Amino acid sequence: MHAAITSVLQESRVFPPPQSFVDQATVSGMAHYHALCAQAEADYEGFWAALAREHVLWHKSFTQTLDQSNKPFYRWFYDGELNVSYNCLDRHLGTPTEHKTAIIFEADDGSVSTVSYRQLYERVCRFANGLRALGHGLGERAIIYMPMSIHAVVAMQACARLGITHSVVFGGFSAKSLHERIVDAGATLVIAADEQVRGGKHIPLKSAVDEAFDMGGCEAVRHVVVWRRTGGEIVWHANRDVGWDEVESGQSEHCDPVWVAAEHPLFILYTSGSTGKPKGVQHASGGYLLHALLTMKWTFDIKPSDVFWCTADVGWVTGHTYVAYGPLAAGATEIVFEGIPTYPDAGRFWKTIEKHRCSIFYTAPTAIRSLIKASESDAQVHPSRCDLSSLRLLGSVGEPINPEAWMWYYRQVGGERCPIVDTFWQTETGGHVIAPLPGVTPLVPGSCTLPLPGIDVAVVDEHAHEMPNGQGGMLVIRKPWPSMIRTIWGDPERFKTSYFPEELNGYYLAGDGAVRHTETAYFTITGRIDDVLNVSGHRFGTMEIESALVAHPLVAEAAVVGRPDDVTGEAISAFVVLKRSRPAADEAKQLAAELRTWVAHEIGPIAKPKDIRFGDNLPKTRSGKIMRRLLRAIARGESATQDTSTLENPAILEQLSQSL
């Protein structure tokens with residue numbers, strides 16, 4: 001546990017929502033927001049029960065909203081029965097949405113295919129019937145190892161339809177990571193592609209499945225279903241492999257859903273970057289679905305005419321909630337994108353928005369920062385080269401967005417007319433827990449603003465005492481909420497110690513530091529608690545120092561970590577990517593001194609990095625997350641020998657190790 005975290009980042013710019021947006025918003029104006037919060041405060045269970053009855057289609061209605069008899073293993077709507085796939089697909093049959101486009105799929109090479117809600121329903125039913133014919137059904141676990149595609153969504157929905165708990169493994173994960181997840185989940189079914197295509201390159205997937213089987217322990221798997229994405233050469237194991245087309249062949253376009261209890265595990269998602277045994281976050285069906293649908297309506301203000309694009313891969317929770325489930329339950333038209341933002345050039349996102357008249361765009365700060373750098377070195381890929389007038393709402397997800405990147409996003413992409421919903425949430429929360437509501441919240445760059453109605457968030461010290469506004473501490477959620485993690489798969493003790501430590505009074509520990517602003521009571525995330533730096537007794541969140549560095553006109557991206565120091569206890573090490581080429585040694589020293597002075601001016605001398613390294617990039621996973629544990633190893637002079645199987649750019653480690 002950690003003491004208070006010093007908050008030094010000050011942001012005074014405020015951007016009220018356009019009145020035109022407020023007038024038509026699902027949650028319209030601060031009075032509406034406060035009314036919802038008051039309802040939750042007055043009758044917490046009644047608040048969630050009413051929403052569940054209004055938004056979810058139940059096969060059997062629940063009689064108890066929240067069961068707290070075995071804390072922290074909370075159960076929501078547990079005696080109700082439903083099917084998540086039914087709520088995403090069948091609910092639209094016989095309505096105008098039935099023939100509406102559900103998914104616009106853009107492949108890596110730019111080719112486009114679409115599927116309507118009726119067609120998606122039929123494809124899911126055919127595949128589900130095929131899996132049922134193979135003998136798979138309720139209570140089993142399936143591993144899905146596929147690229148972004150309509151097929152991946154079909155696989156997830158078909159599992160949900162049959163009551164098969166799925167675990168999607170990101171296509172960038174290694175055979176070893178895949179093996180760990182197959183074994184830990186006790187999977188009986190694997191659904192994979194032969195290869196995936198990213199940035200013009202074919203990347204094998206089926207061969208990684210075979211390698212995982214060679215490691216042993218996968219004997220429970222009866223079938224590996226293979227989708228021929230590219231037709232690439234693969235080894236075929238007749239005793240277990242079966243083609244996707246063969247599974248679907250001759251199957252009916254109708255499949256009765258399997259009704260499951262609200263607490264039935266919909267999916268297990270293993271958290272990335274963890275050391276040791278994979279940590280399988282288990283989510284239930286009813287509460288998760290409710291939050292996915294609610295946040296589509298509240299945070300994204302989804303309308304029938306919208307074209308929604310979440311750029312996340314289905315291998316991450318964002319791709320579950322805001323690709324595979326939330327948009328479909330809301331009856332939205334969504335874009336599913338196979339490629340990467342820089343292929344064939346760094347204007348790909350803007351061209352895709354223009355081509356499909358995208359109205360809601362939801363992406364990660366890492367992607368935004370990389371595109372800022374690209375657009376400043378090549379005017380041809382600047383957002384202004386494309387018609388982005390269809391956009392009405394922007395979103396940010398995955399990590400705190402620094403204020404300067406926020407401003408660029410607001411001005412250059414949104415044309416200063418689109419609210420930005422800077423969403424804070426986690427794999428464990430299931431959906432947004434702190435986020436601006438676009439028809440409600442005046443925006444402050446870098447702040448995720450206010451909790452959603454019904455989410456009781458606070459900033460506390462290590463004894464669970466609430467911190468005064470203006471003083472940083474640990475972010476907690478004080479009451480259970482419907483889409484919360486139910487347990488860690490197969491490890492309930494780890495679940496309790498990780499998320500509900502005894503000293504925090506039964507609160508959920510998010511693992512992030514945060515501060516509430518004195519005047520607005522807005523939340524700003526200061527970084528992971530384990531990334532808090534203690535310099536001469538002063539505790540700093542890494543995000544604040546990174547934001548100060550990125551505010552410098554020459555800096556495109558920065559990551560800050562700590563390393564032991566004999567004098568200060570911990571020293572700040574910064575890794576910086578410039579908007580131009582990496583400097584030579586002499587210039588690097590001069591620029592490092594300039595940046596240290598800059599940080600001292602922006603924050604204070606105590607926050608100056610002790611050393612600064614320049615690189616062409618930062619070590620990132622294929623989903624764009626910075627691998628800070630590798631940076632910590634480099635900063636400490638250790639060999640970065642930990643698992644790098646998810647690393648997009650391994651060569652950068654050697655460059656950063658030599659750069660000082």
Side-chain angles (χ1 to χ4, degrees), residues 1-5 37-49 51-52 62 64-79 262-263 265 271 274 279-284 286-288 290-291 317 424-434 448 450-469 471-516 521 523 525-526 528-530 532:
M1 290 297 157
H2 298 274
I5 301 166
C37 293
Q39 289 172 25
E41 183 68 27
D43 180 5
Y44 193 69
E45 291 188 27
F47 173 78
W48 288 113
L51 290 169
F62 57 92
Q64 184 175 356
T65 304
L66 173 61
D67 174 19
Q68 305 188 63
S69 61
N70 186 26
K71 298 177 182 179
F73 300 96
Y74 299 100
R75 300 193 299 174
W76 284 89
F77 322 120
Y78 77 95
D79 61 344
E263 283 296 310
T271 53
S274 56
K279 189 164 65 174
V281 173
Q282 177 184 320
H283 275 289
Y288 172 81
L290 171 62
H291 205 78
V317 72
F424 172 78
W425 62 297
Q426 305 169 311
T427 302
E428 294 86 350
T429 69
H432 309 148
V433 288
I434 311 175
C448 50
L450 296 171
L452 268 62
I455 307 294
D456 184 6
V457 183
V459 178
V460 302
D461 65 13
E462 66 270 29
H463 304 295
H465 299 137
E466 189 165 2
M467 301 299 293
N469 287 359
Q471 292 188 27
M474 297 179 292
L475 189 73
V476 297
I477 304 179
R478 294 184 289 197
K479 293 179 183 177
W481 68 102
S483 64
M484 66 190 296
I485 177 178
R486 293 308 195 260
T487 189
I488 293 174
W489 180 260
D491 200 344
E493 284 305 311
R494 188 179 181 188
F495 166 71
K496 288 195 289 186
T497 57
S498 295
Y499 300 111
F500 293 91
E502 291 182 7
E503 58 269 35
L504 283 188
N505 197 32
Y507 297 164
Y508 167 83
L509 177 63
D512 283 283
V515 62
R516 294 198 81 168
F523 286 86
I525 306 302
T526 54
R528 295 293 295 172
I529 289 173
D530 54 14
V532 169

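Predicted, not measured: the structure shown is a model, and the values here were computed from it. The figures here come from the full heavy-atom set of this structure, side chains too, leaving out hydrogens, waters and symmetry mates.
Evaluation of the side chain to side chain contact (heavy atoms under 4.5 Å, CB included) rule for A42 yields no partner, not counting sequence neighbours. Applying the side chain to side chain contact (heavy atoms under 4.5 Å, CB included) rule to A52 yields the partners W58, F62, F77, L290; only residues at least two apart in sequence or on another chain are considered. Listed by chain and residue number, Y362 satisfy the side-chain hydrogen bond (donor to acceptor under 3.5 Å, both in side chains) test with W425 (two or more places apart in sequence, or in another chain). Qualifying side-chain hydrogen bond (donor to acceptor under 3.5 Å, both in side chains) partners for S483, counting only residues two or more places apart in sequence or in other chains: W481. For the salt bridge (charged side-chain N to carboxylate O under 4.0 Å, His left out) test, no residue two or more places apart in sequence or in another chain qualifies with R516. For D67, the salt bridge (charged side-chain N to carboxylate O under 4.0 Å, His left out) partners are R75, not counting sequence neighbours. The side-chain hydrogen bond (donor to acceptor under 3.5 Å, both in side chains) test applied to Q64 returns Y78, not counting sequence neighbours. Residues satisfying the side chain to side chain contact (heavy atoms under 4.5 Å, CB included) criterion with E493, sequence neighbours excluded, are D491, K496. For F424, there are no ring-ring contact (aromatic ring centres under 6.0 Å, His included) partners, not counting sequence neighbours. Shown here are the side-chain hydrogen bond (donor to acceptor under 3.5 Å, both in side chains) partners of Q282, two or more places apart in sequence or in another chain: there are none.
Between Y44 and W48, the ring planes are perpendicular. Angles over 60° get that label, and only those under 30° would be called parallel. Taking the six-membered ring for Trp and thresholds of 30 and 60 degrees, F73 and F495 have ring planes inclined between 30 and 60 degrees apart.
Listed by first and then second residue, the salt bridge (charged side-chain N to carboxylate O under 4.0 Å, His left out) pairs that reach into residues 472-481 are D456-R478, E466-R478, sequence neighbours excluded.
Atom-to-atom distance recorded for I477:CD1 and Q426:CD is 7.0 Å, nearest 0.5 angstrom.
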